[in-house]
*Asks:* 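Got a structure here, written out as structure tokens. Questions coming.
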Amino acid sequence: MNDSLNQIKQQITELRSLLEDYNYQYYVEDNPSVPDAEYDRVMKELISLEQAHPEFQSPDSPSQKVGGEALSVFEQVEHRVPMLSLDNVFSDDELKAFEQRIFDRLKNSQPLEFSCEPKLDGLAISILYRDGKLVQAATRGDGRVGENVTDNIKTIRSIPLKLRGDNYPAELEVRGEVFMPKAGFEKLNVYQKENGGKVFANPRNAAAGSLRQLDSKITAARPLAFYAYSTGYFSPGADIAGSHFARMMQLKGWGLPVCPVIKKVTGSDELAEYYNWIGEQRNNLAYEIDGVVYKVDSIELQETLGFVARAPRWATAHKFPAQEEITKLLDVEFQVGRTGAITPVARLQPVSVGGVTVSNATLHNADEIARLQIKIGDTVIIRRAGDVIPQVVSVVEEKRCDAELKDIVFPTECPVCGSHVERIEDEAVTRCSGGLICGAQLKESIKHFASRKALDVDGLGNKLVEAFVDLNLIKTPADLFTLSAEQIAKMERMGPKSAENLVNSLQKSKQTTLAKFLYSLGIREVGEATANNLALYFKTLDAVQNATYEQLIEVNDVGKVVAEHIVSFFSEAHNQAVIQALLDAGIHWPEIKAVSEDELPLKDKTFVLTGTLSTMGRNDAKAHLQTLGAKVSGSVSAKTHYLVAGESAGSKLSKAQDLGVEILNEDDLTALLTEHGAI
Ligand code: D41
């Protein structure tokens, strides 16, 4: 064999062994070491090499056997009807091609009916009902043989032990996905962390790990759920629908949970519409999904189309772009925030994650670095979710090359100002002790001071603030008001007109409210709502400045920690000096009229908040309501006057409906708060 052929053979062997490792970690250990996208890429590379060199093809290559082996500790179950796998499409073009292949095989290109549903990120199981009773449940395994997990499946609350009605087949196999809703997953991980248990990387792993417990009591304590998505074997002659959608509705009638956003559509344009529709709702769904699934609705056509390898020709998954990727950690830099918190930031080899190029990720703090056991030079998995800063999920140990690694050393001095750093016991955060001497803290404080919810200085961008500080033109927020139009006009990208505008908006910002002024000072843990409460309670700046710890904890929403931060802020001479300078510069606000408790507009009204509020946090909403005199309670009772129901509201909403409590949505709440001047 010549050298280059030898090299290819070697490459194939390496790819196979890599995939075998990945498969083992994914299927047997429930602990994937690489993202799906990386697995797919290696598999694609192997398949293309094997196709180009059939002489190296082998029956035991992972390309021939996509799936895992059943664990020997569970009894094995052979599926009477194999559990098929699903092909994927990733683009509209691939979707069109999927539809075209169906037209070609059917020799007919009339628009087809499809049944569509989300692709849940859980694990597939098959449940056998005999005479309406649940008698066996098995994991998919490799599609032919799975594991007997009957005892565990029986513990899942949404899975009925007996079917409803009486027209179900004598024997019926129901197939579907076991998954862990997001909220349950978060709770489980908090519990696991507190109790020294295993923390799961994602809801899929948590679901798989929970189902594969030898002790079903453990499974019973896990928040698992189930949606049916097809049928397997059923008794011949059974009265079962000839359309997938209708069949799902039959299952629903027999008591099985079916995903509520299942929909029947016609033609591939409507498939794409469904994909976009679900994509928009993705973040609001109670469970994790990684795409949608399209199935030709007519069972007769499904049978005509049949399957290739082990995937049906009549169905496909349309995946969302990957949210996890693999890349390299090039370096770690340390950023200093407004309160001095030092955050390690990972500098990454740029990589596209779901269409967005990511080159930085947060490493949070020293504990996180220790937990990840990460070093500079490591290959890492990063995750991007919505608009939040990307995270480093884990290190890919297999790709570690010791010679290239460098330890991450947390600084003992502030990287910006050189002041010593402190880490308070029991706190994860390391802080620079420099206060406003530290350029980084100063820049962030001034940005905060001028931000929209604080003094709202129009036309003062972040870059401009940084340049002012770097040029030593400002050393405190009060110095902003000493800047002349001539000085500003000399700055980069500024001219006489924009300089004049900035001077005007600085002048305008001097007219404010006590609440905004308190918020603008950037006292630790004093957010917008707390500042509002402080202003309403004390009414004057003097009173807030002189408030004792005991007085402060009387204020709604002010706890021990916040009270301590407030006292300590005002006891610092340099903070007092800045406040005086700001007042001297002309910052002022209207006097707050003394309103007696009796006059508060929501006095004697009890509110309960539930679900997710998108424009303000529940804490802020609570504080705003309290400033208007309302009581905010945690549970719904006959004494509740209003329930504010955000997105994904659950049992509190149904209880309130049962009790006839008035329900407000987020818009109603905003209108109410605006009407009474709370926001
Ligand atoms: O939600 C899912 N993960 C899901 C998986 C679904 N909604 N439908 C599915 N339909 C099928 C066929 C078309 C074969 C009945 C599936 C899967 N299969 C599947 N899950 C794991 C392997 C295959």
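Read the numbers this way: they start at 1 and go in the same order the structure lists the ligands and their atoms. In this chain, numbering begins with 1 at the start of the sequence shown. As the structure is a computational prediction, the values presented were derived from the model and not from experiment.
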*Asks:* Anything under 3.5 Å between an N or O on ligand 1 and a protein N or O? List each pair with its distance, or write none.
*Replies:*
{"from": "ligand 1", "atom 1": "1 (O)", "to": "Leu120", "atom 2": "N", "distance (Å)": "2.9"}
{"from": "ligand 1", "atom 1": "3 (N)", "to": "Leu120", "atom 2": "O", "distance (Å)": "3.1"}
{"from": "ligand 1", "atom 1": "3 (N)", "to": "Glu177", "atom 2": "OE1", "distance (Å)": "3.2"}
{"from": "ligand 1", "atom 1": "3 (N)", "to": "Glu177", "atom 2": "OE2", "distance (Å)": "3.3"}
{"from": "ligand 1", "atom 1": "7 (N)", "to": "Glu117", "atom 2": "OE2", "distance (Å)": "2.7"}
{"from": "ligand 1", "atom 1": "8 (N)", "to": "Glu117", "atom 2": "OE2", "distance (Å)": "3.4"}
{"from": "ligand 1", "atom 1": "8 (N)", "to": "Lys295", "atom 2": "NZ", "distance (Å)": "2.9"}
{"from": "ligand 1", "atom 1": "10 (N)", "to": "Lys295", "atom 2": "NZ", "distance (Å)": "3.1"}
{"from": "ligand 1", "atom 1": "20 (N)", "to": "Tyr229", "atom 2": "OH", "distance (Å)": "3.2"}

*Asks:* With a 3.5 Å cut-off and no angle check, do the side chains of Gln213 and Thr219 form a donor-acceptor pair?
*Replies:*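 The criterion, which ignores hydrogens and geometry beyond distance, is not satisfied for Thr219 and Gln213.
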*Asks:* Under a 4.0 Å threshold between the charged nitrogen and the carboxylate oxygen, would Lys263 count as salt-bridged to Glu270?
*Replies:*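 Lys263 and Glu270: not salt-bridged.
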*Asks:* According to the salt bridge (Lys or Arg N to Asp or Glu O under 4.0 Å) rule, which pairs have a member within residues 89-107, sequence neighbours left out?
*Replies:*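 Only Lys96-Asp269 qualify under salt bridge (Lys or Arg N to Asp or Glu O under 4.0 Å).
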*Asks:* Can you confirm whether Trp314 sits close enough to Leu301 that some side-chain heavy atom of one is under 4.5 Å from a side-chain heavy atom of the other?
*Replies:*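 No, every pair of side-chain atoms sits at 4.5 Å or beyond.
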*Asks:* How would you list, by chain and number, every residue that makes a salt bridge (charged side-chain N to carboxylate O under 4.0 Å, His left out) with Arg313, sequence neighbours excluded?
*Replies:*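 Partners of Arg313 by the salt bridge (charged side-chain N to carboxylate O under 4.0 Å, His left out) criterion come out as none, since no residue qualifies.
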*Asks:* Only counting residues at least two apart or in another chain, list the ones meeting side chain to side chain contact (heavy atoms under 4.5 Å, CB included) with Thr327.
*Replies:*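 Checked Thr327 against side chain to side chain contact (heavy atoms under 4.5 Å, CB included); matches are Leu348, Gln349, Val351, Val380, Ile382.
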